[in-house]
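Remarks on the structure that follows.
Given the structure is predicted, the values throughout are model-derived calculations rather than measurements. Nothing fancy with the numbering, it's 1 onward along the sequence.
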Amino acid sequence: DRYKDPTGVVCTGVENGEASQWSEKQRELEEVVLECVLALPERARDLLEQVPPGLFASSTFCQLVQGIERQLEGGEFSPPRLLQEFEGTEEAQVLLRLLGRQHDERGDPTVDYEEVWLRLQRDLWRYGKEKRLGELRQLIAQHSSSGAGETVRALQRELFEVLKELRKGG
């Protein structure tokens, strides 16, 4: 269950602002995912379950997701309650910015967030596969120098499978 260890599942554990190789794309994905969760609070648990492990790298977004998960563990998620929880922090500023995008001056929704989420799923899938490719390349490099031939071959097979999946698009 994703909600038992929020820091190990959704957050990458990046410390001191370390940048990942995906940082810009990852930052965009973090923001759009969080915006969808805020816009669709009744689906928050379902949406977060579809997020690839390790997506949330920035401490601000990670803190917000952990706050959402705490609320979900307690029953239901409420964006106003989350805003209150983070009052006066950088996280609150991010929340206000994202919540401010959801409605126009008349109070009408600016976009259909169900549609945004549907389009976002492909990007999340691709992100997960590209992240796995990076992990596999690192593992292959580590095991190649140690002479672990069978391990390297198994990792290479998985790498080729992931590459095939990416080329096919799913």
Side-chain angles (χ1 to χ4, degrees), residues 1-70 72-73 77 91 94 97-98 101-102 110-170:
D1 188 315
R2 297 187 89 91
Y3 298 102
K4 291 189 176 162
D5 181 16
T7 57
V9 178
V10 177
C11 299
T12 61
V14 172
E15 295 181 19
N16 302 324
E18 291 176 22
S20 73
Q21 59 182 328
W22 339 94
S23 58
E24 188 158 331
K25 181 64 174 174
Q26 186 171 0
R27 181 70 156 185
E28 292 171 14
L29 288 173
E30 286 177 323
E31 199 161 300
V32 176
V33 166
L34 190 56
E35 191 171 345
C36 286
V37 169
L38 292 169
L40 304 166
E42 68 285 353
R43 294 201 48 219
R45 183 181 311 271
D46 176 51
L47 299 182
L48 288 176
E49 286 175 351
Q50 296 176 49
V51 174
L55 174 68
F56 294 98
S58 79
S59 62
T60 300
F61 283 90
C62 193
Q63 289 296 317
L64 289 170
V65 170
Q66 289 174 353
I68 292 167
E69 290 179 330
R70 279 191 301 275
L72 289 170
E73 287 172 1
F77 167 56
E91 288 81 4
V94 170
R97 181 171 48 84
L98 296 177
R101 292 182 193 168
Q102 294 178 2
T110 54
V111 296
D112 177 354
Y113 281 97
E114 290 287 352
E115 186 64 34
V116 171
W117 184 258
L118 286 175
R119 291 191 313 262
L120 182 62
Q121 287 178 322
R122 180 168 173 75
D123 291 334
L124 291 172
W125 175 84
R126 185 165 203 73
Y127 166 81
K129 294 297 179 185
E130 288 172 354
K131 186 168 192 250
R132 183 63 184 151
L133 281 178
E135 293 166 352
L136 288 168
R137 287 181 176 126
Q138 283 183 329
L139 289 169
I140 289 169
Q142 288 171 0
H143 289 287
S144 292
S145 61
S146 69
E150 187 54 42
T151 301
V152 170
R153 284 188 291 284
L155 291 168
Q156 287 172 332
R157 281 191 298 274
E158 184 179 348
L159 181 120
F160 292 130
E161 287 302 313
V162 173
L163 283 169
K164 277 197 296 191
E165 288 177 29
L166 275 168
R167 284 189 193 112
K168 288 180 183 177

Completion exercise
Separation between CD (E135) and CZ (R132), nearest 0.5 Å, reads 5.5 Å
Completion exercise
Across all chains, not counting sequence neighbours, the side-chain hydrogen bond (donor to acceptor under 3.5 Å, both in side chains) partners of Q142 are none
Problem - Qualifying salt bridge (charged side-chain N to carboxylate O under 4.0 Å, His left out) pairs with a residue from residues 54-68, counting only residues at least two apart or across chains - result: none
Problem - Pairwise side-chain contact, L118 with E115, heavy-atom cut-off 4.5 Å (strictly under) - result: yes
Handout entry: Side chain proximity check, I68 to L34, heavy atoms < 4.5 angstrom
Key = yes
Handout entry: Partner set under side-chain contact (heavy atoms from CB on, under 4.5 Å) for E42, not counting sequence neighbours
Key = L40
Handout entry: Pairs involving residues 142-152, ordered by first then second residue, that meet salt bridge (charged side-chain N to carboxylate O under 4.0 Å, His left out) (sequence neighbours left out)
Key = E150-R153, E150-R157
Problem - Atom pair OH (Y127) and NZ (K131), whose distance is rounded to the nearest 0.5 Å - result: 4.5 Å
Exercise for the section: Heavy atoms only: give me the nearest Q26-A57 pair and the separation to one decimal. Expected result: NE2-CB, 3.3 Å
Fill in the blank from the handout: For L124 and W117, the nearest pair of non-hydrogen atoms, with its separation, is CD1-CH2, 3.8 Å
Exercise for the section: Give the minimum heavy-atom separation between A44 and V37, together with the two atoms involved. Expected result: CB-CG1, 3.8 Å
Fill in the blank from the handout: With sequence neighbours left out, the residues meeting side-chain hydrogen bond (donor to acceptor under 3.5 Å, both in side chains) with E114 are R43
Completion exercise
Sequence neighbours excluded, the answer for side-chain contact (heavy atoms from CB on, under 4.5 Å) partners of V116 is V32, C36, V111, Y113, R119
Problem - Electrostatic pair E73:R70 at N-O distance under 4.0 angstrom - result: no
Handout entry: Pairwise side-chain contact, F56 with L29, heavy-atom cut-off 4.5 Å (strictly under)
Key = no
Exercise for the section: List for me each residue that meets salt bridge (Lys or Arg N to Asp or Glu O under 4.0 Å) alongside R126, sequence neighbours excluded, and say none if there are none. Expected result: E130
Handout entry: side-chain contact (heavy atoms from CB on, under 4.5 Å) partners of E31, counting only residues at least two apart
Key = F61, R97, L98, R101
Completion exercise
Here the pair of heavy atoms bringing E91 nearest to S59 is OE2-O, 4.3 Å
Exercise for the section: Taking side-chain contact (heavy atoms from CB on, under 4.5 Å) as the test, write out the residues that go with V152, two or more places apart. Expected result: I140, H143, S144, Q156
Exercise for the section: Would you mind reporting whether L55 and V65 have side-chain heavy atoms less than 4.5 Å apart? Expected result: no
Exercise for the section: Check the pair E161 / K164 against salt bridge (charged side-chain N to carboxylate O under 4.0 Å, His left out), numbers first and verdict last. Expected result: CA-CA 5 Å; E161 287 302 313; K164 277 197 296 191; 3.1 Å; yes
Practice task
Determine whether L163 and L133 make a side-chain contact, defined as any pair of heavy atoms from C-beta on separated by less than 4.5 Å.
Solution key: yes
